[in-house]
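Labels below follow one simple rule: chain letters A, B, ... track the order of the sequence lines, proteins then strands, and each chain is numbered from 1. What you see is a predicted model; the values in this text were computed from it and never measured.
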Amino acid sequence: MCGRFTRTKTIQEYAEYFEAEGIDENELDYNITPSDSILAVVAENDQTRHLTWFHWGLIPFWSNGPDKRFSMINARHESLKQKPAYRTPFKRHRCIIVADGFYEWKQTEDGKQPYYIKLTSDEPMALAGLWDNWESKETGESIYSTSIITTDANKIIKPVHERMPAILPAETFSFWLDPMNEDTEKLEELLKPASSELFDVYPVSRRVNNPINNDLQLLKDVTG
DNA sequence: CCAGACGTTGTT
DNA sequence: GTCTGG
DNA sequence: CCAGACGTTGTT
DNA sequence: GTCTGG
């Protein structure tokens with residue numbers, strides 16, 4: 001699954017990498033947790049791309065509002081076409097969530113050991129995501145929210161965890177983001193596990209476990 | 001037809 | 001909104 | 001995802 | 001055990 005990740009570069013770098021219109025804000029984060037605001041790329045009908053913030057945890061537009069009983073921080077790619085919460089967003093509300101790496105935990109005899117997973121190339125990680133917009137009938141308040149799509153873990157991640165986020169290669173960004181594209185068969189093919197050869201996986205400090213910790217040292221390999 | 005649900009992971 | 005269950 | 005909190009009534 | 005908060 002993907003329940004914690006990082007965003008370690010500047011907005012300007014992401015704007016350039018994703019060929020998207022930036023925003024006049026910046027916030028590095030070494031320990032992003034569910035319910036945080038997260039950065040994503042969306043495209044308009046004319047294919048113009050924008051960076052924008054979303055609440056992490058999908059709130060369907062038809063729901064009565066944020067509901068803590070549900071934690072829709074991840075969407076299994078196997079259920080996108082079927083589940084009511086994901087069907088329409090998969091057709092019309094796809095986005096790319098901006099990350100540089102993510103954490104997964106392995107249960108050990110003496111507790112939970114976090115691992116950091118990043119691209120060997122040090123490029124940004126393009127996580128496949130869905131978004132929705134919920135509006136309050138009372139106040140008119142609008143919440144843009146998002147969910148990260150998960151898929152089977154690849155060979156290098158499987159020893160740590162059974163699932164991983166779907167990661168998009170740069171040449172598929174346009175196809176994935178195009179809001180007019182409703183070819184769910186072909187879109188689904190992009191959600192296969194990314195190749196093991198692209199990744200570094202290593203154990204990091206258990207300070208990651210507590211979301212209050214948020215500093216560059218969290219990314220340090222503790223193997224020695 | 002209406003009522004009610006609408007989620008994932010890991011662990012058991 | 002849309003699907004499932006009754 | 002993990003960490004941390006978690007409850008009411010009646011009597012003093 | 002289960003829910004909330006971060």
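Summarising the hydrophobic clusters (Ile, Leu, Val, Met, Phe, Trp, Tyr; side-chain heavy atoms under 4.5 Å, direct or chained), the residues clustered with Leu219(A) are Leu28(A), Tyr30(A), Tyr103(A), Trp105(A), Tyr116(A), Tyr202(A), Val204(A), Val208(A), Leu216(A), Leu218(A). Think of Trp62(A) as one node in a network of Ile, Leu, Val, Met, Phe, Trp and Tyr side chains linked at under 4.5 Å; its network also takes in Phe61(A). Hydrophobic clustering, defined by side-chain heavy atoms of Ile, Leu, Val, Met, Phe, Trp and Tyr closer than 4.5 Å, groups Trp134(A) together with Ile59(A), Ile143(A).
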Table of protein N/O atoms under 3.5 Å from nucleotides 1-5 of chain C N/O atoms:
from: dC3(C); atom 1: OP1; to: Arg87(A); atom 2: NH1; distance (Å): 3.4
from: dC3(C); atom 1: OP1; to: Arg87(A); atom 2: NH2; distance (Å): 2.8

Atom pairs, protein N/O to nucleotides 3-5 of chain D N/O, distance under 3.5 Å:
none

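Residues that satisfy the salt bridge (Lys or Arg N to Asp or Glu O under 4.0 Å) test with Lys186(A), not counting sequence neighbours, are Asp183(A). Residues that satisfy the side chain to side chain contact (heavy atoms under 4.5 Å, CB included) test with Asp46(A), not counting sequence neighbours, are Glu44(A), Thr48(A).
Identified under the side chain to side chain donor-acceptor pair (under 3.5 Å) test for residues 86-97 of chain A, with sequence neighbours left out: Arg92(A)-Glu182(A). Residue pairs satisfying the salt bridge (charged side-chain N to carboxylate O under 4.0 Å, His left out) criterion with at least one member in residues 192-206 of chain A, sequence neighbours excluded, are listed as follows: Asp110(A)-Arg206(A), Lys118(A)-Asp200(A). A salt bridge (charged side-chain N to carboxylate O under 4.0 Å, His left out) check over residues 164-177 of chain A, counting only residues at least two apart or in different chains, returns nothing. A salt bridge (charged side-chain N to carboxylate O under 4.0 Å, His left out) check over residues 11-38 of chain A, counting only residues at least two apart or in different chains, returns nothing.
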Quiz prompt | Nucleotide pairing, DNA chain B (Watson-Crick or G-U, distances under 3.5 Å), in dot-bracket with [ ] and | | solution = ||||||......
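The side chain of Arg163(A) lies closest to dT9(B), out of dG7(B), dG6(E), dT9(B).
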